[in-house]
Asks: 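Got a structure here, written out as C-alpha cells. Questions coming.
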Amino acid sequence: MQRRKFLKNSTTAAAAVISVPFINSCQEEVTIPKKLAKTIRPIAICTWNFENATAKAWQVLKEGGSSLDAVQQGAMIEEADVNNQTVGVGGRPDRDGNVTLDACIMDKDGNCGAVLAMQNIASPVSVARKVMEETPHVMLAGKGAEKFAYEQGFEKTNLLTEQSKKEWLEWKKTSQYKPIINIENHDTIGILAIDKKGDISGACTTSGMGYKYAGRVGDSPIIGAGLFVDNEIGAATATGVGEEVVRTVGSFLIVELMRQGKSPQEACEEGVKRIMAKNKDRTDFQIGFIAINKNGETGGYCIQPGFTYRTYSEEGHIDNSSMSFLKG
Ligand code: SD4
C-alpha cells in the first residue's frame with residue numbers, strides 16, 4: 001500500500017496541519033488539514049441567486065438524501081424555469097436558432113457524467129447522471145447524447161420558447177456576437193452540496209453563451225473546468241465566459257488550492273487572478289467561482305461586480321450579494 005501525505009505549503013496554514021489520518025478511496029493513508037476534518041455541515045450552495053434551487057437541494061439534504069440527489073434536483077429547478085434564459089427550457093439558442101444544452105454532475109467517489117451540445121431534452125443534468133451511472137463513459141455529445149436520452153426514457157421537448165425566439169430574431173438583425181457582462185453570460189447554475197454523511201457532490205447546467213457558434217461548448221460540462229468535486233477536500237464550480245475557465249481548468253485549480261490549505265474564499269480569489277493574469281488588458285468579461293470545503297465553509301469571487309451566490313444550510317438562506325470582486 002502506497003503511503004503519501006498532503007502537506008500544506010503556506011506558512012499561515014502550517015499551524016493547521018495536524019495529522020488527521022484516514023484511508024481514502026485508493027486505500028492510501030492521507031493526512032488532510034485538521035481544519036478540513038472537523039464537523040459535518042450539510043449545505044447547498046449555488047451560483048447566482050437561485051433561491052428555489054437551493055431550497056430544493058436543502059430539502060433533499062434535510063430529509064437525509066444524498067448530496068448527489070440534492071444537486072441534481074436543485075439544478076433541475078432552473079432547467080425547468082422558462083424564465084431562466086441560460087439554462088434548460090427557455091435557454092437562448094445558438095446563432096442558428098437551436099437551443100443546445102451542456103451539463104455535468106460529479107459524485108463523492110469521483111464518478112462523473114456530462115452531456116454536451118444536446119438538443120430537445122429538458123433536463124441535461126439528469127441525462128448527465130445517467131451517463132455517469134449507466135454507461136462506461138464520462139461524456140456524450142450532440143446527437144449521441146440525445147439518442148441516449150431517448151433510450152433512457154427522456155421525452156423530446158421543444159426548448160425554444162416564444163420569448164427566446166423573439167429575442168434571437170431581433171439579434172439576427174445585427175448578428176453581433178458580443179456577450180454583455182452579467183447579461184448574456186448570466187444564470188448558469190453550478191450547485192454544490194454536502195449531505196448529512198459529509199459527502200460532497202456537484203452539478204452544473206447551462207445553455208451556454210447566447211447566440212454562440214453552432215457546436216460551441218463552454219466550461220460548464222467539462223469536469224475540472226466548470227465543476228470539480230474531491231470528497232476529501234471540497235468542490236468548486238464556475239459561471240461566466242467558459243473559454244477562460246477552460247484555459248485555467250478553473251474548478252480543479254480551486255479544489256487543489258484548497259488542498260494546499262487555502263480557504264474556499266482564498267482559492268476562488270486565486271482562481272480569478274490566474275484568469276486575469278492571462279487577460280491583462282481585458283475588462284469586458286465576467287467569471288465567478290464558488291467553492292465549499294469539507295467543513296462546509298464557502299467562498300465566492302468574481303471579476304466584475306454583479307455576481308452573487310446563494311447558500312442554504314441550518315442557518316437558513318443566505319444571499320451573498322455583497323460578494324467581493326476584482327474590478328470596480
Ligand atoms: C459557458 N459558463 O457556456 C457558461 C456560461 C455561463 O451563466 O456561465 N452562463 O461558457
Side-chain angles (χ1 to χ4, degrees), residues 45-50 53 74-75 77-79 81 83-95 98-105 114-119 124-125 128 139 141-142 145 159 164 167 177-192 202-228 236-254 268 271-272 275 278-279 282 284-291 300-310 323 325:
I45 163 173
C46 77
T47 54
W48 303 106
N49 200 7
F50 299 127
I77 297 280
E78 287 309 311
E79 290 179 333
D81 180 357
N83 295 317
N84 182 339
Q85 290 180 289
T86 316
V87 182
V89 186
R92 289 191 182 88
D94 63 16
R95 58 184 56 194
N98 297 310
V99 181
T100 68
L101 303 179
D102 304 326
C104 69
I105 194 161
V115 291
L116 289 68
M118 184 178 67
Q119 296 183 42
V125 75
M139 293 192 243
L159 304 175
S164 288
E167 291 177 15
Y177 185 62
K178 195 172 184 321
I180 302 166
I181 293 166
N182 291 334
I183 296 183
E184 282 194 356
N185 324 332
H186 201 287
D187 283 353
T188 289
I189 181 166
I191 180 165
L192 313 171
C204 189
T205 179
T206 190
S207 53
M209 307 297 281
Y211 320 129
K212 62 196 174 185
Y213 202 91
R216 179 266 183 191
V217 173
D219 61 317
S220 302
I222 307 297
I223 295 295
L227 173 75
F228 195 70
T237 187
T239 182
V241 178
E243 282 74 4
E244 300 306 328
V245 180
V246 170
R247 282 188 187 120
T248 52
V249 200
S251 294
F252 179 74
L253 170 67
I254 286 169
C268 289
V272 165
I275 288 172
K278 288 192 183 349
N279 291 281
R282 284 188 65 190
D284 60 345
F285 68 104
Q286 173 69 304
I287 289 181
F289 286 113
I290 61 170
Y301 198 63
C302 52
I303 300 171
Q304 319 276 349
F307 174 63
T308 183
Y309 71 96
R310 189 166 265 277
M323 206 180 106
F325 53 87

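Each residue takes its place number in the sequence, starting with 1. Note that ligands are numbered from 1 as they come in the structure, with each ligand's atoms numbered from 1 the same way.
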Asks: Short N/O distance, under 3.5 Å, between G242 and ligand 1?
Replies: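 There is such a contact, yes.
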Asks: Show which atoms of ligand 1 fall inside a sub-4.0 Å distance from at least one heavy-atom site of T86.
Replies: 7 (O), 9 (N)
Asks: Could you work out, with side chain to side chain donor-acceptor pair (under 3.5 Å) as the rule, every residue matching T206, not counting sequence neighbours?
Replies: T188
Asks: So if I count the atoms of ligand 1 from 1 in the order they appear, which ones are less than 4.0 Å from some heavy atom of G208?
Replies: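 Reading through ligand 1 atom by atom, the close ones are 3 (O).
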Asks: Output yes when R216 and E243 qualify as a salt bridge under the 4.0 Å nitrogen-oxygen rule, no when they do not.
Replies: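 Answer for the salt bridge query: yes.
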Asks: Looking only at distance, does G240 have an N or O less than 3.5 Å from an N or O of ligand 1?
Replies: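 Yes, since at least one N or O of G240 sits under 3.5 Å from an N or O of ligand 1.
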Asks: I want to check something: taking the side chain as every heavy atom from C-beta on, are N98 and P93 in contact at a cut-off of under 4.5 Å?
Replies: no
Asks: Would one find an N or O of R216, backbone or side chain, under 3.5 Å from an N or O of ligand 1?
Replies: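 R216 vs ligand 1: N/O contact under 3.5 Å present.
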Asks: Report, in ascending order of atom number, the atoms of ligand 1 lying under 4.0 Å from any heavy atom of S220.
Replies: 2 (N), 4 (C)
Asks: Check for me whether the distance between the ring centres of W48 and F307 falls short of 6.0 Å.
Replies: yes
Asks: Any N/O of T188 closer than 3.5 Å to an N/O of ligand 1?
Replies: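 The answer is yes, given that T188 and ligand 1 share an N or O pair closer than 3.5 Å.
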Asks: For D219, is at least one N or O under 3.5 Å away from an N or O on ligand 1?
Replies: yes
Asks: Yes or no on side chain to side chain contact (heavy atoms under 4.5 Å, CB included) for R310 and F50, after CA distance, side-chain angles and deciding distance?
Replies: CA-CA 7 Å; R310 189 166 265 277; F50 299 127; 5.7 Å; no
Asks: Any idea which heavy atoms bring V125 and C104 closest together, and the distance?
Replies: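 The answer is CG2-O, 4.1 Å.
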Asks: Please indicate whether any nitrogen or oxygen in T239 is less than 3.5 Å from any nitrogen or oxygen in ligand 1.
Replies: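 Among all N and O atoms of T239, at least one is under 3.5 Å from an N or O of ligand 1.
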Asks: Taking only residues two or more places apart in sequence, or in another chain, which ones meet E79 in a salt bridge (Lys or Arg N to Asp or Glu O under 4.0 Å)?
Replies: none
